[in-house]
2 protein chains.
Amino acid sequence: MPSMKDVARLAGVSVATVSRVINKTVPVEEQTRTRVEEAITRLGYRPNLLGSGLRSRRGRLIGLAVPDIANPSFANFVRYTEEFARRHKCNLIVGNTADDPAAERRFIDQLLGRNVDGILFSRVSDESESLRMLDDVGTPFVVIDRGMQDERAASVVMDNERTGHLAARHLLSLGHREIVCVTGPLNVALCRQRLAGLRAALRESELDASEACFVEGNFKYGFGEEAVEHILTHRPETTAIWAQNDLMAIGVMNALQRRGIRIPEDVSVVGVDDIEFATMIRPQLTTVQQPFREMCRIAVEMLFEGNATGADFRRRVVISTQLVIRESTSHPRVDGEIPHSVAR
Amino acid sequence: MPSMKDVARLAGVSVATVSRVINKTVPVEEQTRTRVEEAITRLGYRPNLLGSGLRSRRGRLIGLAVPDIANPSFANFVRYTEEFARRHKCNLIVGNTADDPAAERRFIDQLLGRNVDGILFSRVSDESESLRMLDDVGTPFVVIDRGMQDERAASVVMDNERTGHLAARHLLSLGHREIVCVTGPLNVALCRQRLAGLRAALRESELDASEACFVEGNFKYGFGEEAVEHILTHRPETTAIWAQNDLMAIGVMNALQRRGIRIPEDVSVVGVDDIEFATMIRPQLTTVQQPFREMCRIAVEMLFEGNATGADFRRRVVISTQLVIRESTSHPRVDGEIPHSVAR
DNA sequence: GTGAAAGCGCTAACAG
DNA sequence: CTGTTAGCGCTTTCAC
């Protein structure tokens, strides 16, 4: 494996010059440059990124920490972060923190030990303390998706209140009054924010916001199914269910349909995210769209703007969301309750 | 940011000893060890992985190249590779080669420049030449999922012939005779292998294998939808469709259902992969299961066995597959053709 | 515009 | 069991 030294020798220049040619850091005379370039191709030279990263403190690496890589939403974050990292000539390291704060800490430690150019961070929950580690070190980092109310860092989040408001207003305007919300973990701020948006919409319709009915979930498909059981037992008058992500919404839909309950005729369902799968089910899911790609684009950009470092810089980008109306919502039944479960 | 030198000074030992304590490479006297450990915690020392990677030529890094990160199957590979990389104290770098051989080459170049401990590689297509780059360098690599017939490298693949055979035999045993296969790109070997498995099954049933009817696709959801159009036009007598991955199978199902064609009453559908979504749709998809996690486990293990390097080592692990029968398959209609498309 | 030299942080080889 | 020394491959001063 040839090193810069070999290239330098073959080209008859110093290693410093080779470095300059490669990085275009200062102008190099045309002639020397071509000599170097020839040597590079002749030898099949490949720069060692550890050497340069060690010296320059720029590992050409972006780290992305996600709480659940199996969740399609986070798969989207992985996908788009990779895309934009590449544009900045960086590779992407992904870490699945698996809802485990200790894993989160370890992962960030490793990233820092690799002189990463930046970190995108979606916290496990509000209790996560991992960001503290980043306060002092100069590594840029941006909180993505799972921000907090008073974030002590740069962040790119969607407008979660609006999201809840959009979902609720849509259902209310269709005439629903018995709405149940299936939330994510309530120790994740955005879940509370989305719920607050729902409450605001209820108030606007002069309904009692305090009685906003919800079931606390975990963002997983299986919980959507479970939630239905609970709702059917405790709130049979429900005409609409809003799940705080698509995965649970799909679980809700399947559990309902398995009982012979029709969507949207008997019960309307709304989600959040607009993962690709939302259009692959029947009926297609009405949902509030999370602009994954846009969020990743902005977050990566902030990393490279150079001031997304430490607790001082708190630029917060809140991305607006929009409702995508598909087939899973309609007017409520005019009469009475959900028909008794029908065996499939 | 403290370095080993700082730790050594505080503990009153040499840097070499600090290194030994951290890596447990040779025994260190109890007393010195605790002194070093105390110094480490006192300073909040964090090893720099570039320094060690540069020197030891082990970057503590695994690279994974996938042709389409948006595909849930590959998202699974990412997920499980991350899991097993972590067990080997490695981080995972993912590269989406986006069906682009040039991107594939670049990515591998970068991985090599990072002294990765190993590379898991799922090629864009049979035409991909990227593996050649790995012949000489000593970096372990394993081809995963997308292997070739006569692979000049270690590989972990599923039994694709069996897969095709299982899918076809299932349909045949149900009584289907008019089966259409929606393939992936035929310049990807496993697609041809799966097709060969189908043919073998047809022959066993004394049907004309040469007339095995197929449409060449691209593994994407949208193509499943398109394929239905084609099939309905050109082969209205079709009673069963086997798509070579679940994503296309789901596309097929939706396009059929949109036309009022019932599954499985009018047409049976089978997939391959058993992605999580396969159970989230209705009817649930009958499919041949790809053992993602097992494949990743073995592949990562092979990386660390230490002989998965260069073209000499060609250990090939072929993982058996199994059919998961769910709701999308049944006996064919006894009479005639698919009912004319019914507006939804 | 170019070269020499130092050093990023670590491990490996050797000596004791 | 421990220290010394060298050097992984690169970038960054600082000269010239």
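Chain identifiers are assigned alphabetically (A, B, ...) following the order of the sequence lines, protein sequences preceding nucleic acid strands; residue numbering begins at 1 within each chain.
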Problem - Phosphate contact (dG9(D) OP1 or OP2) by Arg57(B) side-chain N/O below 4.0 Å - result: yes
Practice task
For DNA chain C, determine which residues of residues 25-50 of chain A have any heavy atom closer than 4.0 angstrom to one of its atoms, and list them numerically.
Solution key: Pro27(A), Val28(A), Glu29(A), Thr32(A)
Practice task
Answer yes when Arg146(A) and Asp126(A) have at least one side-chain N-carboxylate O distance shorter than 4.0 Å, and no when they do not.
Solution key: no
Completion exercise
Separation of dA5(C) atom P from Lys5(A) atom NZ, nearest Å, is 13 Å
Practice task
Would you kindly give the CZ-to-C1' distance between Arg55(B) and dT11(C), to the nearest whole Å?
Solution key: 5 Å
Handout entry: Worked check of side chain to side chain donor-acceptor pair (under 3.5 Å) between Gln110(A) and Asn91(B)
Key = CA-CA 8 Å; Gln110(A) 290 158 354; Asn91(B) 288 123; 2.9 Å; yes
Practice task
Note down the inter-axis angle between the two ends of the helix from dG1(C)-dC16(D) to dG16(C)-dC1(D), five pairs each, to the nearest 10°.
Solution key: 30°
Problem - Side-chain (Arg316(B)) to main-chain (Gly147(B)) donor-acceptor, under 3.5 angstrom - result: no
Practice task
Take atom CZ of Arg46(A) as the centre, draw a 6.0 Å sphere, and report whether it contains more than 12 heavy atoms from other residues, nucleotides or ligands.
Solution key: yes
Exercise for the section: Send over the distance from Arg114(A) CZ to dG9(C) P, rounded to a whole Å. Expected result: 16 Å
Practice task
Figure out the CG/P separation between Leu112(A) and dC10(C), and round it to whole Å.
Solution key: 13 Å
Problem - SB check Asp6(B) Arg9(B) (cutoff 4.0 Å) - result: yes
Handout entry: Check: Leu50(A) and Leu54(A) side chains under 4.5 Å, non-hydrogen atoms
Key = no
Practice task
Give a yes-or-no answer on whether the side chains of Glu104(B) and Ser128(B) include a donor-acceptor pair shorter than 3.5 Å.
Solution key: yes
Practice task
Check whether any side-chain heavy atom of Leu64(B) lies under 4.5 Å from a side-chain heavy atom of Val78(B), and answer yes or no.
Solution key: yes
Problem - Residue met sooner reading DNA chain D from 5', once Gly51(A) and Ser56(A) are mapped to nucleotides - result: Gly51(A)
Handout entry: Side-chain ion pair, Arg297(B) and Glu83(B), N-O less than 4.0 Å
Key = no
Handout entry: Minimum-distance nucleotide (side-chain atoms of Arg20(A) versus dT2(C), dG9(D), dG3(D))
Key = dT2(C)
Handout entry: Atom pair distance, as rounded to whole Å: NZ in Lys24(B) and C1' in dA12(C)
Key = 19 Å
Practice task
Enumerate the residues from residues 8-19 of chain B whose closest heavy atom to DNA chain C is under 4.0 Å, giving them by residue number; use none for an empty result.
Solution key: Ala16(B), Ser19(B)
Practice task
Check whether any side-chain N or O of Asn115(B) sits under 4.0 Å from OP1 or OP2 of dC8(D), and answer yes or no.
Solution key: no
Handout entry: Arg58(B) CZ - dC10(C) C1' separation (whole Å)
Key = 14 Å
Practice task
Using atom CG of Leu54(B) as one end and atom P of dC8(C) as the other, report the distance to the nearest whole Å.
Solution key: 13 Å
Fill in the blank from the handout: Of the listed dT11(C), dC8(C), dT11(D), the closest approach to the Asn23(A) side chain comes from dT11(D)
Exercise for the section: Using a strict cut-off of less than 4.0 Å between a Lys/Arg side-chain nitrogen and an Asp/Glu carboxylate oxygen, indicate whether Arg106(B) and Asp109(B) qualify as a salt bridge. Expected result: no
Problem - Check ion pair Glu151(B)-Arg123(B) (N to O, under 4.0 angstrom) - result: yes
Handout entry: Arg35(B)/Glu38(B) salt bridge by N-O under 4.0 Å criterion
Key = no
